[in-house]
Amino acid sequence: MLDLNKIRADFPILNREIKPGLPVTYLDSTATAQKPLAVIEAMDSFYRRSNANIHRGVHTLAEESTTLYENAREKVAKFINAAASRQIIYTRNTTEAINLVAYSWGRANLKAGDLVILTEMEHHSNLVPWHMLQAEKDLRLEFIPVTEDGLLDLEAYRQLLGLGPKLVSFTQMSNVLGTINPAAEIIRLAHEAGALTLLDAAQSVPHFAVDVQALEVDFLAFSAHKMLGPTGIGILYGRQALLEAMPPFLGGGDMIREVHLRSFRPNSLPYKFEAGTPAIAEAVGLGAAVDYLQQVGMDAIAAHEHALTEYALERLEEIPGLKVFGPPAEKKGGVAAFTLEGIHPHDVAQLLDGDGIAVRAGHHCAQPLHEKFGIPATTRASFYLYSTQEEIDRLVNGIYKVKEYFG
Ligand code: 7TS
């Protein structure tokens, strides 16, 4: 069990009042997580004490800053059980990590007619890079269908595998349905069919233990800001042999070993993929976020969110006219996207905001998924380690008020 009072005291923003006497009820952690003091202070201390550019100086500050930056990489490597920290590439976010794979690996390895399998529940960041590459390379894209209850249709997947895909790229957890996909099985089947795999772990790494070696995944992408860390930094993990064979993505300083007027030699891993001055303070913040998550314990966080999700679904589903999308709680993480009969999802979110309740409305960057269900938008509440039953009660009461308002 989590000590929720203790945890909540670590997050200054959770004390924020939206209006005098009206506390914030933050139910939008799927979009971005709030930050504990440990992360804020690590970044503050970096700028106060150690700020300098990395890898380029012999002076004390440059050495300190380089050490802090690289220590954070080690922490991330251990956190997802990567075999070596050079397999951890700093990017800006999940989106950039997926684009890196599409542009570097995809451009070098895919040709006209090659098949990439995605799913109908992907975030736009695991769709559009492949659309763009398809336009360039004339690839074939196919999609694992989503069933009515929000699961991937694995029978259809097996059939698609018969077409000889080169890559299967999919999300470990849907940011709308909350579905936790059977990643290990999907990866194993892909490998049996001779395909590589990319796992969008934007919604999984923050919420439960992810072990890249146990999964045997080839590429994995996630964002610091969804796991208590700062914005502006994300991670691409890759199998070492793959990363070594890939051409650089962005060119410039730091990613080179030597440069001449008409040529360059790329740097070794991970620097080959880190062009220009990176997000140094953000890496330090990410390292502090990893420490914080590990101190609380990923299994305890997952258990807390699971209990909350069960409670939330039970309470939400008793509201007449409310439909939650996605599978039952046992197959789902802490996300509840819903529609309320006769009321636009944006109106629901707007009225809830009047009660200090922060939820999101729209297609949540998963427009094809909403099209599949024949709806333009949903209202989405999402939970994290600091979320409470009381906040879910406030949400439910708020929704009853919205219904009253609209008669
Ligand atoms: N993949 C998934 C599954 C996501 O949920 C998101 C962000 C991304 C990729 C992209 O992450 P980024 O850090 O590169 O932006 N999801 C959301 C969301 O659900 N609402 O706002 C952002």
Side-chain angles (χ1 to χ4, degrees), residues 26-35 76 80 89-103 118-132 143-144 146 150 152 168-181 183 186 197-208 210 217 219-237 249 279 282-283 285-286 289 305 309 325-326 332-338 345-346 349 358-370 372 377-384 387:
Y26 187 74
L27 297 176
D28 196 20
S29 292
T30 290
T32 199
Q34 296 304 349
K35 320 304 175 197
V76 172
I80 60 167
I89 315 289
Y90 287 127
T91 63
R92 270 193 309 146
N93 44 36
T94 306
T95 302
E96 190 178 276
I98 296 173
N99 275 274
L100 196 165
V101 176
Y103 281 89
L118 308 167
T119 86
E120 289 180 342
M121 64 168 75
E122 295 313 305
H123 187 278
H124 296 166
S125 65
N126 194 29
L127 290 170
V128 182
W130 305 110
H131 293 162
M132 290 163 70
F143 303 87
I144 307 175
V146 173
L152 289 180
V168 178
S169 184
F170 67 103
T171 189
Q172 191 166 13
M173 179 176 138
S174 163
N175 66 322
V176 177
L177 305 170
T179 315
I180 298 174
N181 291 316
I186 293 170
T197 52
L198 188 164
L199 193 56
D200 174 347
Q203 298 299 349
S204 53
V205 162
H207 298 284
F208 52 89
V210 172
V217 70
F219 298 108
L220 180 112
F222 56 99
S223 298
H225 71 92
K226 293 187 198 286
M227 53 187 286
L228 312 182
T231 53
I233 189 163
I235 299 292
L236 175 68
Y237 158 86
F249 172 41
E282 287 76 5
L286 169 57
E305 289 177 25
T309 306
F325 289 81
K332 165 171 181 132
V335 181
F338 59 89
H346 283 106
V359 296
R360 189 161 287 247
H363 53 53
H364 317 294
C365 293
Q367 199 170 1
L369 180 68
H370 284 75
K372 165 94 183 186
T378 48
T379 308
R380 182 186 68 186
S382 53
F383 321 121
Y384 207 179
S387 306

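Order of appearance sets the numbers: ligands from 1, and atoms from 1 within every ligand. Everything quoted here is computed from the prediction, not taken from an experiment.
- With no hydrogens or angles considered, no side-chain donor-acceptor pair links Thr30 and Asn175 at under 3.5 Å.
- No side-chain donor-acceptor contact under 3.5 Å links Ser382 and Ser29.
- Going from atom OG1 of Thr171 over to atom CG of Leu177 covers 10.0 Å, rounded to the nearest 0.5 Å.
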Check your understanding: Which is it for Val217 and Tyr237 under the side-chain contact (heavy atoms from CB on, under 4.5 Å) test, yes or no, and what are the steps along the way?
Key -> CA-CA 9 Å; Val217 70; Tyr237 158 86; 4.2 Å; yes

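- For Thr179, there are no side-chain hydrogen bond (donor to acceptor under 3.5 Å, both in side chains) partners two or more places apart in sequence or in a different chain.
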Go ahead and list the nitrogen or oxygen contacts between ligand 1 and the protein that come in under 3.5 Å, distances to 0.1 Å, or just say none.
{"residue": "ligand 1", "atom": "1 (N)", "partner": "Asp200", "partner atom": "OD1", "Å": "3.2"}
{"residue": "ligand 1", "atom": "1 (N)", "partner": "Asp200", "partner atom": "OD2", "Å": "2.5"}
{"residue": "ligand 1", "atom": "5 (O)", "partner": "Gln203", "partner atom": "NE2", "Å": "2.7"}
{"residue": "ligand 1", "atom": "13 (O)", "partner": "Ser223", "partner atom": "OG", "Å": "2.6"}
{"residue": "ligand 1", "atom": "13 (O)", "partner": "His225", "partner atom": "NE2", "Å": "2.8"}
{"residue": "ligand 1", "atom": "14 (O)", "partner": "Thr94", "partner atom": "N", "Å": "3.4"}
{"residue": "ligand 1", "atom": "14 (O)", "partner": "Thr95", "partner atom": "N", "Å": "2.9"}
{"residue": "ligand 1", "atom": "14 (O)", "partner": "Thr95", "partner atom": "OG1", "Å": "2.5"}
{"residue": "ligand 1", "atom": "16 (N)", "partner": "His123", "partner atom": "NE2", "Å": "3.4"}
{"residue": "ligand 1", "atom": "16 (N)", "partner": "Lys226", "partner atom": "NZ", "Å": "2.9"}
{"residue": "ligand 1", "atom": "19 (O)", "partner": "Asn175", "partner atom": "ND2", "Å": "2.8"}
{"residue": "ligand 1", "atom": "19 (O)", "partner": "Arg380", "partner atom": "NH1", "Å": "2.6"}
{"residue": "ligand 1", "atom": "19 (O)", "partner": "Arg380", "partner atom": "NH2", "Å": "3.3"}
{"residue": "ligand 1", "atom": "20 (N)", "partner": "Arg380", "partner atom": "NH2", "Å": "3.2"}

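- Separation of atoms CG (Leu118) and CZ (Phe170) is listed at 11.0 Å; rounding is to 0.5 Å.
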